[in-house]
Amino acid sequence: MRDEVGRLRHRPDFLRVAGTRQKAVAPGLILQVGKRGDVGDAQPAIPRVGFTVTRKVGSAVVRNRARRRLKAAAAAIFPAHALPGLDYVVIGRGATLGRPFILLIEDLTTAMRRLNAYRNQSESPTA
RNA sequence: CCAGACGGCCGGAUGGCCGCUCUUUCCCCGCUUGCCGGGGGGAGGGAGGAAAGUCCGGGCUCCACGGAAACACGGUGCCGGGUAACGCCCGGCGGGGGCGACCCCAGGGACAGUGCCACAGAAAACAAACCGCCGGCCGCGAGAGCGCCGCCGGCAAGGGUGAAACGGGGCGGUAAGAGCGCACCGCGGCCUCGGCAACGAGGGCGGCACGGUAAACCCCACCGGGAGCAAGACCAAGUAGGAACGGCAGUCCGUUCGGCUUAAAGCCGGGCGGGCGGGUGCGUCUCCGCAUCGUCGUUCGGGUCGGUCGCGCGAGGCGCCUGGUAACAGGCGUCCCAGAGGAAUGGCCAUCGCCCGCCUUUAACAAGCGGUGCACAGAACCCGGCUUACAGGCCGUCUGGCUCC
RNA sequence: GCUGCCGUAGCUCAGUGGUAGAGCACGUCCUUGGUAAGGACGGGGUCCGGUGUUCAAUCCACCGCGGCAGCA
């Protein structure tokens, strides 16, 4: 069972998610969560994810690599464990590049659990 | 072998699993049948030498404009060549550095004008004279000589200051001196020769007349219209069916409504229909036809921030040949080589290569273990340069030194 | 993509060719029974880096590094 995960692409979406102040900090990343605002109520809205890596992290090469590793981590977890109707924003930190990939995935799952945004695989997504 | 100079090149390799994006092709489903939408499979392409800084030059697009010129502003600045062009490149010249290979230089004009040259020093620029030197007179003294408080005249060699002092040091000359004279060097004209030229070489003349600074203002010559792909074009959606100004301007007939009027007539304003004229669009243009309408332009206001094009065949890459010292040019053959849009080109793993550390051990290697060690760095319209960053490595040419034959 | 500005003592800033300064801060001393205030003295600077122009550069020119801001 592989569910779709959408992608946040516009600045207002990021600002709305940041405005909810739902934040969890892990060594390798920071996670923000917010409910989708524009939902049509007929279909259950798919979860969406966006990535932010600021210039404080480093040069363009460093920022690109950090974002790609976060994308890979999200692709490994979100299709099975993201909750529908939520928008996730994953923020890269300076340690994102040096962190082993396994620990990066653990960081993501613990951050999701801490924000009550983690779905166990057995639960039905369309509750 | 060591040290060095210059030019060019590479800048991790192979494989596995899971993904991203573009192109192409096939299959299935759907309907509003079409380069339609959704899903799936196959094949192929997918960062750089600097993609960076944005310091120059172009293409392309829009705006402005009578061909253009001028002022202002900015840039460039020895000569010749290359180039689409350049502030780039190549070859020369001049100056400076290095034993040398070679390297460095914004390198026009200081008799067009203005400004500045601190401190020190007599004096920092049409010259002048502080300490001085010399001669004459005067005074003192027997004399050599002396004279701060004496006079007149000549001189600029010496001293000291400074970054820089109206040629340099040498010989002659002189009372002392002085290009006053002489040779050399420097400087400025002239002539001849070589060179396309910058410039160089030689000869002869002049008589020191001409300090530095133009990356101070400036003068001269040449170049530059402005903005930038978020340029610009189209589609969809959607708001207002808006306001102001300007360009030709509406006119005639019928009918109807309102106002003025007691009513009619008449006048004014509006609606509808038609004719003529006008605008816009299409048909290849003036003719003509069709459609549509008050139109078009500018500015403001309002709305949208979705999609498509621009967008990659190019001053293109590679190989060979020819011309040229070279930059480069020409010819022939061959290849098609990224196109994202919160932005693809990746994540994880294994093996090899290189580097670092440790241990065992050595004259040295090798082997073993560990390493979150493997440079600088990510296309955003494209191209030519410049500049800056860069672990490690390869190739070629040349210079100096040492040793051996 | 385009365009400006800034970098000077630990901090905030002057200085714009000629030996680099002010305020605050810091140190020592005086004053006080003691502290603060006040007074006296003092230490501190690769003037962001490099190359050049000039006799001489914080200042002028060029090239970098870092930071800030504006326009689209």
Side-chain angles (χ1 to χ4, degrees):
Chain A
M1 181 189 62
R2 176 155 285 264
D3 298 282
E4 284 186 88
V5 176
R7 185 78 185 273
L8 288 184
R9 293 190 189 278
H10 298 294
R11 177 174 165 79
D13 295 329
F14 284 83
L15 292 178
R16 184 171 41 74
V17 173
T20 63
R21 310 241 177 244
Q22 300 280 321
K23 184 176 79 171
V25 181
L29 53 89
I30 298 172
L31 183 69
Q32 293 175 326
V33 175
K35 285 189 178 170
R36 292 192 61 161
D38 57 339
V39 208
D41 44 4
Q43 295 283 337
I46 59 170
R48 297 188 300 178
V49 62
F51 302 93
T52 294
V53 183
T54 66
R55 282 178 56 195
K56 278 172 79 174
V57 174
S59 68
V61 174
V62 174
R63 297 198 304 271
N64 278 338
R65 291 206 58 212
R67 178 168 38 77
R68 285 166 181 157
R69 297 192 83 211
L70 294 176
K71 274 173 69 179
I77 296 178
F78 274 38
H81 299 292
L83 283 176
L86 289 183
D87 282 342
Y88 296 80
V89 170
V90 185
I91 300 173
R93 315 182 66 188
T96 304
L97 265 194
R99 195 107 170 122
F101 194 69
I102 312 251
L103 295 180
L104 202 60
I105 287 178
E106 280 181 18
D107 287 344
L108 188 55
T109 55
T110 55
M112 288 167 75
R113 285 203 175 91
R114 209 174 298 163
L115 294 175
N116 296 318
Y118 185 83
R119 168 167 66 88
N120 288 323
Q121 215 159 0
S122 57
E123 298 177 13
S124 170
T126 55

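In what follows, chains carry the letters A, B, and so on, assigned in the order in which the sequence lines appear, proteins first and then strands, with residues in each chain numbered from 1.
- Pairing partner, B:rG273: B:rC253, with both Watson-Crick or wobble hydrogen-bond distances short of 3.5 Å.
- To the nearest angstrom, C1' of B:rA344 lies 17 Å from CG of A:Leu70.
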Let me see the working for A:Thr109 and A:His81 under side chain to side chain contact (heavy atoms under 4.5 Å, CB included), right down to the final yes or no.
CA-CA 9 Å; A:Thr109 55; A:His81 299 292; 5.9 Å; no
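- Using atom P as the reference point in both B:rG109 and B:rA215, the two lie 12 Å apart (nearest Å).
- Counting distance only, with no hydrogens placed and no angle test, the side-chain atoms of A:Ser59 and the base atoms of B:rG378 include no donor-acceptor pair under 3.5 Å.
- Taking atom P in both B:rC394 and B:rC356, one finds a spacing of 15 Å when rounded to whole Å.
- Between A:Phe51 and A:Phe101, it is A:Phe51 whose nearest contact on RNA chain B lies nearer the 5' terminus.
- Looking at A:Arg119, its side chain does come within 3.5 Å of a backbone N or O of A:Ala80 through a donor-acceptor pair.
- Residue A:Arg65 has a polar side-chain atom (N or O) positioned under 4.0 Å from OP1 or OP2 of B:rG347.
- Of the possible polar contacts, none joining the A:Thr110 side chain to the A:Ala26 backbone as a donor-acceptor pair under 3.5 Å is found.
- In this structure, B:rG49 is classed as syn because its glycosidic torsion stays within 90° of zero.
- Distance check on atom P: B:rA243 versus B:rG294 gives 15 Å, rounded to whole Å.
- Listed here is the closest heavy atom pair of A:Val53 and A:Arg63: O-CD, 3.7 Å.
- Syn is the conformation of C:rU54, whose glycosidic angle sits no further than 90° from 0.
- The same atom, C1', is picked in B:rG269 and in B:rG242; the two are 24 Å apart, to the nearest Å.
- Remark: C1' of B:rG347 and CD1 of A:Ile102 are 12 Å apart, rounded to the nearest angstrom.
- Separating the CD atom of A:Gln32 from the P atom of B:rG342 is a distance of 19 Å, rounded to the nearest angstrom.
- An OP1 or OP2 oxygen of B:rG378 is reached within less than 4.0 angstrom by no side-chain nitrogen or oxygen of A:Arg68.
- Comparing A:Gly98 and A:Ala60 by the nucleotide of RNA chain B whose heavy atom lies nearest to each, the residue mapping closer to the 5' end is A:Gly98.
- The shortest distance between the side-chain N/O atoms of A:Arg67 and the OP1/OP2 oxygens of B:rG378 is not below 4.0 Å.
- Against the 90° criterion about 0, the sugar-base torsion of B:rG179 places it in the syn range.
- At least one test fails for A:Arg67 against the ring of A:Phe51: distance under 6.0 Å to the centre or angle within 45° of the axis.
- One P atom belongs to B:rU23, the other to B:rA338, and the distance between them is 14 Å to the nearest Å.
- Considering A:Arg113, A:Arg114, A:Arg69, A:Arg99 in turn, A:Arg99 is the only one that fulfils the salt bridge (charged side-chain N to carboxylate O under 4.0 Å, His left out) rule with A:Asp107.
- As a whole-Å value, the separation of A:Arg48 CZ from B:rG342 P is 14 Å.
- B:rG211 and B:rC166 have their P atoms separated by 11 Å, with the value rounded to a whole Å.
- Summarising the geometry, the separation between CG on A:Asn64 and P on B:rU21 is reported as 16 Å, rounded to the nearest angstrom.
- Base orientation of B:rG401: anti (glycosidic angle beyond 90° from 0).
- If you measure from atom CD1 of A:Ile105 to atom C1' of B:rC349, you get 13 Å, rounded to the nearest angstrom.
- Taking atom CZ of residue A:Phe78 and atom C1' of nucleotide B:rC18, one finds them 18 Å apart after rounding to whole Å.
- Look at the P atom in both B:rA164 and B:rG212: the space between them is 14 Å, to the nearest Å.
- Going from the P atom of B:rA233 to that of B:rC311 covers 15 Å, rounded to whole Å.
- The distance from atom NZ of A:Lys71 to atom C1' of B:rC348 is 16 Å, rounded to the nearest whole Å.
- With a 3.5 Å ceiling on both atom-pair distances, the Watson-Crick or G-U wobble partner of B:rU387 is B:rA52.
- Syn is the conformation of B:rA47, whose glycosidic angle sits no further than 90° from 0.
- Taking each heavy atom of A:Leu104 and A:Leu29 in turn, the nearest pair found is O-CD2, 4.0 Å.
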